[in-house]
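Structure, as structure tokens:
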Amino acid sequence: MGLVKNFSIAILGTGFMVLATVAQAKAVTLTYDRSIGSPGFGPGELFVPQGIAVDSQGNTLIANGRGINPADGTSNYNLGNKIEKFSPSGQYIGAIGSGGTGPGQFDEPTTVDFNPVTGDLYAGDVYNNRVNQFDSQGNFIRSFANGQFTPLIEGRLFFGPSGVTFDKTGNLYVGDFNGERILKFTPDGQQIGVIGGTVGTAPGQFQGVAGVRISPVSGNIFVADQYNNRVQVLDPNGNPLLAFGSAGSGPGQLLQPIGIEVDEEENVYVADSINSRVQVFDKNGNFLTSFGENARDASGNPVPPPALTGPPFGNPLDLTPGRFNWTGGTSYKDGQLYVGDFFQGRVQVLNVEGRTQVPEPSSALGLALLGLGAATITLRKRGQQKSVFSLEKELQNN
């Protein structure tokens, strides 16, 4: 990245603009557009929105919480436990599923996504330990992977199916949060593979497989490795390629990342949950930008997350655009990023701007050859002349 930037400046000095434009194209910005849903327990209201998906008509589907009785900690099936549907303008349309253990019912829905080949909707069902499959109209088809997800383990608050994503042929990959692995299934729910499975900090090992997303460009698998405070990138066969992120609150640092998305240029969007923000990286893990901050009380202090035994909302709520009480589930669709505001009962929709396709360095160098003579003069004057071939090699390795 640094070499591309420096080389573009040298060429810019000669009046040739191509590589300067390429460097600038890496800039990505996020801006607030609107919010969907509001905090509460009634129709169209949300609490702990986890999974988010957007259908082909632009409707937004949101996995809505799990009702808990604060008195004894038991599940209240009449609260949440369904997938709420909103129109493109944010109007509440209705729900898919209901609370319970029967066909098409949920006991805490989590991750949701549409199969790009069949159009079917898949949703994780935590306490029922399975995945529920519906058609594009919300009609129940089947449940599968019953009992295959690792249960709750000591020291963690979460378990079960944690992320759903699809490859280009329609096979689905489902994160098993406490199993430190990703399960691969055919579209009709037959298991055909496993990726990972070992707890640890080494490449290919995990501590809490949270969000999972397959790149539409390379087929690489991007995983939010929650308790390792990093993102891991695997090739399509599950072999580790790289990891980025470290524990902290600075640019490029993470505190328990959950949701993850990858766009058409392989920019990576990470819901940095405890930092209450979204961070954007390029495909090599270079930090690009961030958006969001902690919800604040009247004195300007960060609002803490709620107690486990009380209502699932921060106190007070701060519904200022761009403020979150934990960022959670995510979805990317048509230049917009949908981000769950975990403890404020809403989804914030962000515009993604500046996503111009960035040519590969070798292609950019080929374009620059038109100005090579002038560029060579500039580099010679600075005592930095290099051959075309050595520059191309350095750019390809960058």
Side-chain angles (χ1 to χ4, degrees), residues 36-37 41-67 75-149 160-175 183-192 212 214 329 331-334 338 340 347:
I36 299 173
F41 301 101
E45 295 180 323
L46 303 172
F47 58 99
V48 196
Q50 298 193 54
I52 307 168
V54 182
D55 68 17
S56 58
Q57 287 76 47
N59 299 310
T60 305
L61 291 90
I62 304 170
N64 192 18
R66 180 186 194 236
S75 177
N76 184 341
Y77 289 140
N78 295 320
L79 296 178
N81 288 317
K82 52 193 171 185
I83 300 171
E84 311 284 9
K85 187 174 182 179
F86 297 83
S87 73
S89 62
Q91 300 300 309
Y92 180 62
I93 298 175
I96 296 173
S98 61
T101 60
Q105 294 185 315
F106 293 98
D107 190 358
E108 191 171 350
T110 53
T111 179
V112 290
D113 202 4
F114 288 96
N115 189 319
V117 177
T118 66
D120 289 345
L121 175 69
Y122 295 76
D125 186 3
V126 172
Y127 284 87
N128 287 326
N129 203 310
R130 64 188 181 186
V131 174
N132 288 336
Q133 180 182 353
F134 303 84
D135 67 19
S136 60
Q137 303 304 310
N139 300 304
F140 177 72
I141 297 176
R142 65 173 62 87
S143 295
F144 61 90
N146 297 281
Q148 294 188 41
F149 298 97
S162 55
V164 168
T165 189
F166 298 88
D167 63 23
K168 291 182 178 180
T169 63
N171 294 316
L172 67 151
Y173 299 67
V174 186
L183 306 180
K184 182 179 179 181
F185 299 91
T186 62
D188 62 356
Q190 301 300 310
Q191 186 175 343
I192 54 175
V212 182
I214 292 179
S331 182
Y332 172 83
K333 181 78 169 182
D334 296 333
Y338 298 71
V347 169

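Computed from a prediction, not measured in an experiment: that's the story for all the values here.
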* Asked: Asn115 and Gly170: which non-hydrogen atoms are nearest, and at how many Å?
  -> ND2-O, 2.9 Å
* Rounded distance (nearest 0.5 Å) linking atom CD of Gln91 with atom NZ of Lys85 -> 14.5 Å
* Approximate separation, where rounding is to 0.5 Å, of Gln191 CD and Lys184 NZ -> 11.0 Å
* Asked: If every non-hydrogen atom of Phe140 is compared with every non-hydrogen atom of Pro103, which pair is closest and at what distance?
  -> CE2-CB, 3.5 Å
* How many angstroms lie between CD in Gln133 and CZ in Phe185, if you round to the nearest 0.5 Å? -> 11.5 Å
* So which heavy atom on Gly124 is nearest to which on Pro161, and how close? -> CA-CG, 3.7 Å
* How about Ser98 and Gln105: do any of their side-chain heavy atoms sit closer than 4.5 Å? -> yes
* Structure fact -> Residues passing the ring pair (Phe, Tyr, Trp, His ring centres under 6.0 Å) test with Phe86, sequence neighbours excluded, are Tyr92
* **Closest non-hydrogen atom pair between Ser331 and Ala53, with its separation** => OG-CA, 3.9 Å
* Asked: Are Asn81 and Pro109 side-chain neighbours, meaning at least one heavy-atom pair lies under 4.5 Å?
  -> yes
* Do the non-hydrogen side-chain atoms of Asp55 and Leu61 ever get within less than 4.5 Å of each other? -> yes
* Asked: Side chains of Tyr122 and Thr111: closer than 4.5 Å at any heavy-atom pair?
  -> no
* Asked: Do Asp107 and Asp125 come close enough that some side-chain heavy atom pair is under 4.5 Å?
  -> yes
* Atom CG of Asp188 and atom CG of Leu172: how far apart are they, to the nearest 0.5 Å? -> 9.5 Å
* Nearest-0.5 Å distance that lies between atom OG1 in Thr101 and atom CG in Asn128 -> 6.0 Å
* Asked: Looking at the rings of Tyr338 and Tyr332, which for Trp means the six-membered one, are their centres under 6.0 Å apart?
  -> no
* Asked: Do Ile141 and Asp135 have side-chain heavy atoms sitting under 4.5 Å apart?
  -> yes
* Asked: Do the side chains of Asn59 and Ile93 get nearer than 4.5 Å, heavy atoms only?
  -> yes
* Show your working on side chain to side chain contact (heavy atoms under 4.5 Å, CB included) between Val112 and Ile83 and close with a plain yes or no. => CA-CA 9 Å; Val112 290; Ile83 300 171; 3.8 Å; yes
* Asked: Thr165 side chain to Ile214 main-chain N or O, any donor-acceptor pair under 3.5 Å?
  -> yes
* **CA sep, side-chain torsions, deciding dist, call: Asp120, Phe114, side chain to side chain contact (heavy atoms under 4.5 Å, CB included)** => CA-CA 6 Å; Asp120 289 345; Phe114 288 96; over 6 Å; no
* Is there a donor-acceptor pair under 3.5 Å between the side chain of Ser162 and the backbone N or O of Gly175? -> yes
* Asked: Quick one: are the ring centres of Tyr173 and Phe166 less than 6.0 Å apart?
  -> no
* Asked: Do Asn129 and Asn146 touch side chain to side chain, with heavy atoms closer than 4.5 Å?
  -> no
* Of all heavy-atom pairs between Glu108 and Tyr127, which one has the smallest distance, and what is that distance? -> OE1-CE1, 3.1 Å
* Asked: If you draw the axis of the six-membered ring of Phe144, does the NZ or CZ of Arg130 fall within 45° of it and under 6.0 Å from the ring centre?
  -> no
* To do: Quick one: do Thr186 and Asn171 satisfy side-chain hydrogen bond (donor to acceptor under 3.5 Å, both in side chains)? Show the steps, please.
  => CA-CA 5 Å; Thr186 62; Asn171 294 316; 5.6 Å; no
* Structure fact -> One should read off an interatomic distance between Thr60 OG1 and Glu84 CD, to the nearest 0.5 angstrom, of 12.5 Å
